[in-house]
Amino acid sequence: MEGKADVYPFAAIVGQDLMRKGLLLNLVNRKLGGILIRGEKGTAKSTAVRAIADLMPELSVVNLPVYATEDRVVGTLDIEHAIREGEKKFEPGLLAKAHGHILYVDEINLLDDAIVDALLDAAAMGVNTVEREGVSYSHPSRFILIGTMNPEEGELRPQLLDRFALSVEVNGERDVESRMEVIRRRLAFEADPDEFRRRYEPQQLELRERIERARQLLEQIKPSEELLKWTAAVGIRLKVDGHRADIMLMKTAMAMAAFQGRTQIVADDMVEAAMMVMPHRMRKRPFEEGAYDHETIRELLGDLLSEVTHAS
C-alpha cells in the first residue's frame, strides 16, 4: 500500500470531469463496481487514482503490477506444511491485501489471462479461493477495482471490460488556459508538496464531507417504477448483453443523485450515468474500434431522453 504524504491532492486536478466524477461515485457506493479509465499517456490517470484514496483516510491503494505472477496475486498454499502438520498455511497475495481498499491495475489490458481470470472470480464473488493439489483456502476479497489503460497498446478482454461498472475516456486538455494551469499546479506541487497540499486541504475536506453525506443519502433513495422501466428500455435500445448494464445504470444514477445532495433521481442523473455505464458494453460492428462516444449514445437513445424527464 502506498503512503499518502506526497500524493497530489484530488481537488487540485484540472479538468477531466468525467473521470473525477466516476472515481467519486465509487467512493459514494463502494459496491458500485469500479471504473476503467482509458486514455493517452500523461492525462493524470495514475495521479487521480492515488489522489482518490487520499480523500478517505481509511482507504489505501494496492498496486497490481501488470507482470505480477499468479501466486503473488492470489496467494500461495504451503502444501508440504499441510501434509506434514495437517493444517493449512496460506501466504496472502494482493487480492487479500486489497480487501476493503482500492485495487489498482495500470495497463490492465496487458494482464496475463490467468490474472484476469482471478480478478474476474474475485470481483464477481467477493471471495478469493486458492486451490493446490486438493487443498483449498478462501478469504474475503472485496475491493474497488480501478484500471487504467492506453487503447493504443491493445484492448481489454470483453469479460473483464464488462466487470467495470463505469468506463471513461480521458484526453489532454485542449484549452490553453487549462493546460497552463496544469503546468502551474504541477510545478507548485513539486516545489513544495506540503504547502501545496495545505492550500487544497479546505477543498479536500469539503469533498470528504460531501462523500460521507452522499453515503447516508444513498440509503434513502428508492427508484420509481417509471425509472426502472426507463432503465430496462435503455438496455434494450442499446442492445447490451445480459442485465448487468441495467443494474449498473440504476446504481450509478442513485450514487449520482446522492452525491448531488438529493434523495430523488432526476433525468440528468440517468443520462449522465448512461454515458459512463453503457458505451463499453455495447456491441461493436465489424472493423469498428473503441467505445461509442456520448453523441452517438444520445442519438441512439433519441426519444427515451425525453421520457426519462417524465419518469423522474
Point to revise | Worked check of side chain to side chain contact (heavy atoms under 4.5 Å, CB included) between His139 and Val127 | key: CA-CA 6 Å; His139 65 81; Val127 174; over 6 Å; no
Practice item. Would you check, one step at a time, whether the test side chain to side chain contact (heavy atoms under 4.5 Å, CB included) holds for Ile102 with Phe143? Key: CA-CA 6 Å; Ile102 292 172; Phe143 45 80; over 6 Å; no
Check your understanding: Hey, mind stepping through Thr148 and Tyr104 against side chain to side chain contact (heavy atoms under 4.5 Å, CB included) and telling me if it holds?
Key -> CA-CA 8 Å; Thr148 55; Tyr104 172 47; 2.9 Å; yes
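Here CG of Leu249 is found 4.5 Å from OG1 of Thr231. Values are rounded to the nearest 0.5 Å. We find the CE-CG distance between Met149 and Asn109 to be 4.0 Å, quoted to the nearest 0.5 Å. Atom-to-atom distance recorded for Asp241:CG and Leu238:CG is 12.0 Å, nearest 0.5 angstrom.
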Less than 3.5 Å apart, which donor and acceptor atoms pair up between the side chains of residues 113-120 and the rest of the protein, not counting sequence neighbours?
from: Asp113; atom 1: OD1; to: Arg157; atom 2: NH1; distance (Å): 3.4
from: Asp117; atom 1: OD1; to: Arg157; atom 2: NH2; distance (Å): 3.3

For residues 23-35, dump all side-chain donor-acceptor pairs below 3.5 Å to protein atoms at least two apart in sequence or in another chain.
from: Asn26; atom 1: OD1; to: Gly34; atom 2: N; distance (Å): 2.8
from: Asn26; atom 1: ND2; to: Gly22; atom 2: O; distance (Å): 3.0
from: Asn29; atom 1: OD1; to: Lys31; atom 2: N; distance (Å): 3.0
from: Arg30; atom 1: NH2; to: Glu58; atom 2: OE2; distance (Å): 2.4

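Not one N or O on the side chain of Arg38 forms a donor-acceptor pair closer than 3.5 Å with the backbone of Ser167. The closest donor-acceptor contact from the side chain of Ser141 to the backbone of Leu95 lies under 3.5 Å. Arg198 places no side-chain N or O within 3.5 Å of a backbone atom of Pro193 that could act as its donor or acceptor partner.
The minimum heavy-atom distance linking Pro151 with Gly39 is given by the pair CD-N, 3.7 Å. Shortest non-hydrogen contact noted between Val73 and Ala68 is CG2-CB, 3.9 Å.
Other residues, nucleotides and ligands place more than 12 heavy atoms under 6.0 Å from the CD atom of Glu195. In Glu153, the CD atom is crowded: over 12 heavy atoms of neighbouring residues, nucleotides or ligands sit closer than 6.0 Å. Atom CD of Glu206 has 12 or fewer heavy atoms from other residues, nucleotides or ligands within 6.0 Å.
Scanning for ring-ring contact (aromatic ring centres under 6.0 Å, His included) contacts around Tyr200 gives Phe196, with sequence neighbours left out.
The pair Lys229-Glu226 does not meet the salt-bridge criterion, since no charged nitrogen lies less than 4.0 angstrom from a carboxylate oxygen. With respect to the salt-bridge test (charged N to carboxylate O, under 4.0 angstrom), the residues Arg208 and Glu201 qualify. Electrostatic pairing of Arg197 and Asp54 counts as a salt bridge here, judged by a charged N lying under 4.0 Å from a carboxylate O.
For the pair Gln204 and Leu55, the minimum side-chain heavy-atom distance is below 4.5 Å. Using a 4.5 Å heavy-atom threshold, the side chains of Leu103 and Ile144 count as separate. In this structure the side chain of Asn63 never reaches within 4.5 angstrom of the side chain of Asp106, judged on heavy atoms. The shortest distance between side-chain heavy atoms of Lys21 and Glu272 falls below 4.5 Å. The side-chain heavy atoms of Val130 and Thr76, taken from C-beta on, include no pair separated by under 4.5 Å. Side-chain contact between Arg50 and Tyr8 is absent, with no heavy atoms from C-beta onward closer than 4.5 Å.
Members clustered with Ile183: Leu187, by chain and number, using a 4.5 Å side-chain heavy-atom cutoff among hydrophobic residues. Clustering of Ile, Leu, Val, Met, Phe, Trp and Tyr side chains at separations under 4.5 Å leaves Leu205 isolated, with no partner residue.
Contacts classified as salt bridge (charged side-chain N to carboxylate O under 4.0 Å, His left out) and involving residues 61-76 (residues at least two apart or in different chains) are given here: Asp71-Arg132.
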